Amino acid sequence: MTAALGPSVFGLDPLYVGGVGLAEVLITLLKVGVAFAVLLVAVMLMIWFERKLISDMQNRIGPNLAGPFGIFQTLADGIKLFFKEDLVPEQSDRLVFKLAPYLSLVPAFLVFAVVPVGGDFSGGNGRISLFGHETLLQVSDPPVGILLVLAMSSVAVYGVMLAGWSSGSKYPLLASVRASAQMVSYEAALGLSLAAVLLKSGSLSTNQIVAEQSVWNWNLWVTWVVPMVIFLIAATAELNRPPFDLVEAEQELVGGFHTEYSSLRFALFFLAEFMNTITMSAIIVTLFLGGPNGPDFTTVGWLSGLLWFFIKLMLFLFAFVWLRATLPRFRYDQLMDLGWKLLIPLSLGWLLVLASYDVAGDRGWNRAAAVIVMLAIMAALAGLLALALRAARQRRELDPQGGFA
């Protein structure tokens, strides 16, 4: 064992404070294996849950033959895809074509690795005892955990872009360009809404963010609700979920960026989509709803936190399915207008409102007056933006060919 390797190298997990030996390595491998297995099983159940819930909402039957209530239908579909022929287009870049699905799948798991899924945060920092060692109920707690989340969501763009580019066909290429533009556009609104949480929490560690929300001090109302709504909308667009699923607009793009994929590689894209839905829901719970925080109604503190985390996670998974079942798909211009002309200005303005509230408190000013002034400034800027957009729209109607330019 070496005492030189501490939390600065392996994150903030107390497991590594005394150094790293065989026991620490085995516990870490156990946490990685359990997290990966649980996430894979959760993806299978999520696909079944979405199919059954949508069928109930749309007065259909849904899966009902493979296993009780059709619960094994996803497993049957996976086995079928595994034994299908794996096709690689003749004009494709074979190496990149085979690599792209993993660039979409791996970031989804790495994001989940920094999510605290349990622990007693009511009077502590979520630490539990495992085989005589103190640790956290998450795979890793790096000091820059939230930056890792943003980085991994950005890396996922490469999987989509390279999948379309390497296929050697124009249809997947057009779909991947559209998907990349969509994901990059909403990444800005996602980051700005996240900055509001960091402003209140004062830490990039996911464990510390959850600890700051103990005793019902959730960021949902600490940040005054708006950042969570922006984050939820931006995350839906990031995940290419309806009503923002323009990446797979079959009537336009023959299935999207994965048109040329088959067999296991197609299944990996499908797996990554639903895994991202679960991990992003877990991130929303961590950032805004206190993660595992909640009343302790069991004799084991960390078990109570695990149950609360699951309940909150199911709330957002239900919301994602509900949106898919009810809302029509946006047009692409509506998608871009929502991101660039509404969500980004609103998230930036709301961040300034929260900052002005904190600065007013630090300086001894009237907080209510500071917020009112900032809201008035936001309203004035929103009016100017609306006038500019209206003038631009009228100009396009008068000169659709752009002759004035």
Side-chain angles (χ1 to χ4, degrees), residues 29-88 97-113 115 117-118 139 156 159-160 163 239-242 245 247-248 250 255-282 285 306-307 309-311 313-325:
L29 292 177
L30 175 64
K31 291 201 295 184
V32 171
V34 170
F36 187 67
V38 167
L39 196 53
L40 286 181
V41 174
V43 168
M44 294 178 57
L45 294 177
M46 174 61 191
I47 297 173
W48 169 81
F49 173 73
E50 182 159 330
R51 286 173 165 177
K52 294 296 288 185
L53 187 57
I54 288 180
S55 65
D56 289 340
M57 290 180 174
Q58 298 176 348
N59 197 24
R60 295 185 289 109
I61 296 176
N64 66 338
L65 296 179
F69 306 103
I71 200 169
F72 294 140
Q73 184 62 52
T74 305
L75 180 62
D77 292 339
I79 295 174
K80 177 187 70 174
L81 285 171
F82 185 82
F83 287 103
K84 277 183 173 289
E85 182 181 2
D86 185 16
L87 301 176
V88 179
F97 185 83
K98 295 178 180 180
L99 178 64
Y102 299 98
L103 290 178
S104 294
L105 181 64
V106 173
F109 173 72
L110 293 180
V111 168
F112 188 76
V115 175
V117 298
V139 175
V160 173
L239 298 172
N240 299 318
R241 296 272 309 180
D245 58 332
V247 177
E248 299 177 16
E250 296 89 351
F257 63 90
H258 49 59
T259 299
E260 302 294 340
Y261 281 88
S262 62
S263 186
L264 184 59
R265 292 192 180 90
F266 174 80
L268 290 178
F269 280 116
F270 199 68
L271 186 67
E273 177 182 341
F274 283 89
M275 188 178 292
N276 276 315
T277 303
I278 295 173
T279 55
M280 192 57 71
S281 299
V285 170
L306 190 64
L307 292 175
F309 181 84
F310 176 76
I311 293 172
L313 182 66
M314 289 302 300
L315 174 67
F316 282 99
L317 293 179
F318 177 84
F320 277 122
V321 179
W322 193 6
L323 291 174
R324 179 169 192 159

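All values derive from a computational prediction rather than experimental measurement. Just so it is clear, the values below take in all heavy atoms, side chains as well, and ignore hydrogens, waters and symmetry mates.
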Handout entry: With F72 via side chain to side chain contact (heavy atoms under 4.5 Å, CB included) - residues at least two apart
Key = A66, P68
Problem - Under 3.5 Å: donor-acceptor pair, side chain of Y102, backbone of L268 - result: no
Problem - Gap between atom CD1 of I278 and atom CZ of F320 - 0.5 Å precision - result: 11.0 Å
Practice task
Say whether, by atom type as modelled, one donor and one acceptor occur between the side chain of S262 and the main chain of L87 under 3.5 angstrom.
Solution key: yes
Problem - Sub-4.5 Å side-chain heavy-atom contact between F112 and V117 - result: yes
Exercise for the section: Could you tell me which residues satisfy side-chain hydrogen bond (donor to acceptor under 3.5 Å, both in side chains) with K52, sequence neighbours excluded, listed by chain and number? Expected result: none
Fill in the blank from the handout: Residues pairing under salt bridge (Lys or Arg N to Asp or Glu O under 4.0 Å) where one sits in residues 61-73, two or more places apart or in two chains, turn out to be none
Handout entry: Contacts of type side chain to side chain contact (heavy atoms under 4.5 Å, CB included), residue V34, not counting sequence neighbours
Key = L30, V38
Fill in the blank from the handout: Contacts of L110 meeting side chain to side chain contact (heavy atoms under 4.5 Å, CB included) (sequence neighbours excluded), chain-then-number -> V106, M152
Handout entry: Nearest non-hydrogen partners of N240 and D245, listed with the distance
Key = O-CB, 3.4 Å
Practice task
Any salt bridge (Lys or Arg N to Asp or Glu O under 4.0 Å) involving residues 258-268? Give me the pairs, sequence neighbours left out, ordered by first then second residue.
Solution key: D86-R265
Problem - Set of side chain to side chain contact (heavy atoms under 4.5 Å, CB included) partners for F270, sequence neighbours left out - result: I47, F274
Completion exercise
Applied to residues 55-69, the salt bridge (Lys or Arg N to Asp or Glu O under 4.0 Å) test, sequence neighbours excluded, yields none
Handout entry: ring-ring contact (aromatic ring centres under 6.0 Å, His included) contacts touching residues 44-69 (sequence neighbours left out)
Key = none
Exercise for the section: Report the residues that fulfil side-chain hydrogen bond (donor to acceptor under 3.5 Å, both in side chains) with Q73, sequence neighbours left out, ordered by chain and then residue number. Expected result: D77
Practice task
Give a yes or no on whether L29 atom CG has more than 12 heavy-atom contacts from other residues, nucleotides or ligands under 6.0 Å away.
Solution key: yes
Exercise for the section: Go through the structure and list residues passing ring-ring contact (aromatic ring centres under 6.0 Å, His included) with F266, not counting sequence neighbours. Expected result: H258
Practice task
List for me each residue that meets side-chain hydrogen bond (donor to acceptor under 3.5 Å, both in side chains) alongside E85, sequence neighbours excluded, and say none if there are none.
Solution key: none
